[in-house]
Each structure stands twice: as C-alpha cells, then as structure tokens.
Amino acid sequence: MRLLASLTAAAACSAAFAQTPTLPQQTSPLLARLGLQRCGTQVLDQGQWNFAPPGDCGNSTNPTAAYEPNQVLEIPVVFHILRSSSGQGNVTDANVNEQIDVLNEDFRAIAGTNGQPGYDTMIQFKLATVDPGGNATNGINRYNNTTWYNDGGNYFNSIAWDPNNYLNIYTNQASGALGYVPFLPHQGSVGSNADRVVALWSAVGKNAPIGPPYNQGRTVTHEVGHYLGMYHTFQSGCGSSACYSTGDRICDTNPEANPFFGCGNNSSCGSPDPTTNYMDYSDDLCMNRFTQEQARRMRCTLQWWRPQLAEVAGGGFSTTYCTSNLNSLGQMAQLTVTGSPVVSDNDLNFSVANLPTSVFGYLLMSQAQGNVPFFGGSSGVLCLGAPFIRFSGNVLNSGANGEIDFSPDVNSLPQGASFATGSTWNFQYWYRDVVLFPTSNTSDALEITFQ
Ligand code: ARG
Ligand code: ZN
C-alpha cells in the first residue's frame, strides 16, 4: 500500500504528473536510486533493492552497507502550532526556524554546532515551500483551539497535510510529555492522518521558553528519530546478544537497562550506556549523536516505509564540487537545487541555507570552475572561473529565515546566457556576512549538466 502501489496520484498532484507514473527501471545504478520526480516529491525506487526488504528496518534491523548515507535526502516539514483559544502555546517563527536548524545540525552532524559529534545521516529538513494545493507557503500554520491545544479532538484529521509527502509536526501540550510519535513506521499506519510528530510547544527551538534542560530543540530531534524508525536506546532493557533483533535493534549503541536522565556517564548491561545518543532521555545539551547503524536504519525507513517523503537534494542531477568557509554562524552556506535539469521543463529552484538573517547576496553562475580563496580565505572561496554571470539579476536578501529561494526563468537568462542541452554550468552564492562586514562570504558550489 505504501510502496510501489503508492504511485497513484496524491490529491495535490497536478494532472500532468498524475498521468505518467512510470518507474525508471532502466536507469543507471546511480539514477536508479533516485526514483521519480512527482509533485516535487522524490519517490525512492524500491525496484532496484529487492535484496533488501522492508523488514530491514522493521522489528529487526539489517544495517547493510546498501543503506550507507551517500546522497542528501531532504524532508519537507510543516509545523502546525496548536494554541488555546486565548493564544497560549504560541511558537514563534524564530523558534520554528531554529528547530529546523537544530534538526539539520543534528542529523547532518554539522561542524561547529552542538550536533557535530554525531554521524552524518545525510538526511536534512526544510520548511515546506509548497502546500498540498500547490500554493506557496512558509510551512507554518497556527490554530486557536483549546481542545487541540490539550492534544485532544483528533486535530490531525482536520488539518494534516498529506503525511505521505510531509513530515507533520504539531506543537501543543503534547499530552503532558515533551513529545511523542503515535507509532514507529513499521508499527502503525504510515500515511494516515495520525502519522505525525507531536512536541511540547515550549520545547521547540534553541533557548526554547521551557528553559533548561530541555530547551535546545533535542526533543524534536528525538521524536523525528522515532518517526524515522528509531527505538529508544533502552528499549527492552539489555535485550540479548542478538542486538539487531532485541533492545533498540541496533548493535553500535550499547545496551542500556534504563533511560538515563541528566548529563554524564552511566553503566549497565556490562558496558557504558549510550547517554549521548539522541534516543536516550539525557538533557538536551548532553545528547549529540546518532550512530552509523542508526543512520542506516533511518535511511532504510525512508526507502521502505516512507518512500514519498524525502526528496533527493539536488534532484540527483547536481553535484557539489567546491566547499567554502564557515560563516559568522559557524556554518557553511549551502546551495541546493530542485526541479529538473531538462531545460524545457524550466522548473529549477535554487535555495541557499545556513545564511545569517537579512543579508544581501547574489547567485552567480559560470561555465568555468575555480577554487580561489577570497581575501586570503577570510571571505569565502570563489568556486567559479571568469566570466561570471549574475544569475539572480537583482540582489537577494536572506530575510528572517536566513535562506534564499530563487526560481529563475531559464528562457530569459541575464547577459544573453542560455543553457544549451549538454552544457555544464556552475553555480555559487555570494553574500555579505554581517559579522565580517564589509567583507563577504560564499556558499558551496554546484554544477549542473543540462538536458
Ligand atoms: N520523553 C520523550 C519521548 O520519549 C522525549 C524525550 C526527549 N529528551 C530530551 N532531552 N529532549 O519521546
Ligand atoms: Zn522517545
């Protein structure tokens, strides 16, 4: 029902997409991984993976190297902020944006952040930019309804966005917990309206209003871990030596007799407890890792249980060939592209994440690549060779989210440029970095060969 049969069109799909649900069975081994582009959602193709059944991330785990992170998968997120009728329980846009940042820091183990020590799952998150009706959105909805605020009234049946295609996160009183998910993907009805993450409103974001020790956004990291198939590290206590089928079904997390609260070390089941793991109950600042096998189980979950959820960042057709410096946030601005490399489709969208808020910049492009530090390296790395074209035309601003979204019309490119079939173009974002002002910084750079 959720697997290949799910190619029936979702209600939100345009008719053009709905008519042609063909599987790319004939593609190269790499492209075979990528599946279909449909309604902006990549369907991960199970057809090439018959050796690796859904049971690989069900009641037991098969952490085969086939699930090793090797391409960035991006999950669109919608936040539903459920407030009381008098407005209690508001989560600000700033806290929502911080929460997305925390998810990315943790799941991508971004250097210079609290999530650095972990394993890079190559799974990342973005607020939805298109709603189920195809309209532009900021991915944040707010409701005033006291029953819903108290986690009652089956709000999800009224307001869920297609759970096959969006990670629905609801914030409210979370039934007295910090957060919960109703079931792990192999235990419940994935894609039903109830399929969701619920988080205590005051624990969302960095420096969230709940205060220490649960104010650094790790509740949502933990719950999204469940949503992607993770058990608690202390599941069933010590389990047995069959660590892929008992306990948390993961062998590179030590068995743990009980949940650990607080910060620091503990020992049980004859070994140190995995108290820094996101799937324990430690304080937010003391949890900082998923393991490699957890990453593989989560990617298996995306492939088998949630095949419509993630998009392949870069659409599988762009390659990041050049990295840049950390900026004043301690992060590298990241350029990604979605859409299609077929010029006549004219549906490319470039986004830049990890920018400081409200800084100006340009998207540049060139047919030549380069790798030259700006100002001795203090101001980014120029990854393009001359001549450059100011692709975005006007100056862009990263706004309150610290992000750029740019959808060019490829039929009228600046400076008389055109994307010829078979030509390769390189793209990079240049921006002012507030702290370093008046110097500049740059994103990583990617190349696209057009079809
Ligand atoms: N108790 C919740 C659960 O089991 C979440 C615990 C989150 N821990 C944290 N440090 N934020 O899903
Ligand atoms: Zn939990």
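Atoms within a ligand are numbered from 1 in the order they appear, just like the ligands themselves.
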message = Determine whether Tyr278 and Asp106 satisfy the following criterion, side chain to side chain donor-acceptor pair (under 3.5 Å), listing intermediate values before the conclusion.
response = CA-CA 9 Å; Tyr278 295 122; Asp106 294 352; 3.1 Å; yes
Near the Zn ion (ligand 2), meaning under 2.8 Å, the protein N/O/S atoms are His222 NE2, His226 NE2, His232 NE2
(request) Just say parallel, tilted or perpendicular for the rings of Phe107 and Phe290, cut-offs at 30° and 60°. (result) tilted
Return yes when atom CG of Asn157 has more than 12 non-hydrogen atoms of other residues, nucleotides or ligands closer than 6.0 Å, and no otherwise. yes
* Asked: Are the side chains of Ile159 and Asn168 in touch, meaning some heavy atoms are under 4.5 Å apart?
  -> no
Contacts of Ser407 meeting side chain to side chain contact (heavy atoms under 4.5 Å, CB included) (sequence neighbours excluded), chain-then-number -> Asn349
Output, or 'none' if empty, a list of ligand 1-protein atom pairs in which both atoms are N or O and the distance is under 3.5 Å, rounded to 0.1 Å.
unit_1, atom_1, unit_2, atom_2, d
ligand 1, 4 (O), His222, NE2, 3.4
ligand 1, 4 (O), His232, NE2, 3.2
ligand 1, 4 (O), Tyr281, OH, 2.6
ligand 1, 10 (N), Ser282, O, 2.5
ligand 1, 10 (N), Asp284, OD1, 2.9
ligand 1, 11 (N), Thr219, N, 3.4
ligand 1, 11 (N), Thr219, OG1, 2.8
ligand 1, 11 (N), Asp284, OD1, 2.7
ligand 1, 12 (O), His222, NE2, 3.1
ligand 1, 12 (O), Glu223, OE1, 3.2
ligand 1, 12 (O), Glu223, OE2, 2.5

Query raised in the report: Mind checking whether Met298 and Arg306 have side chains closer than 4.5 Å, heavy atoms only?
Result: no
Side chain to side chain contact (heavy atoms under 4.5 Å, CB included) filter on Phe261, not counting sequence neighbours, yields Tyr214, Pro259, Tyr281
| request: For side chain to side chain donor-acceptor pair (under 3.5 Å), just list the numbers for Ser85 and Thr146, CA-CA rounded to whole Å, side-chain angles, deciding distance to a tenth of an Å, and then say yes or no. | output: CA-CA 5 Å; Ser85 58; Thr146 300; 3.0 Å; yes
Can you tell if the side chain of Ile169 reaches within under 4.5 Å of the side chain of Val197, non-hydrogen atoms only?
-> yes
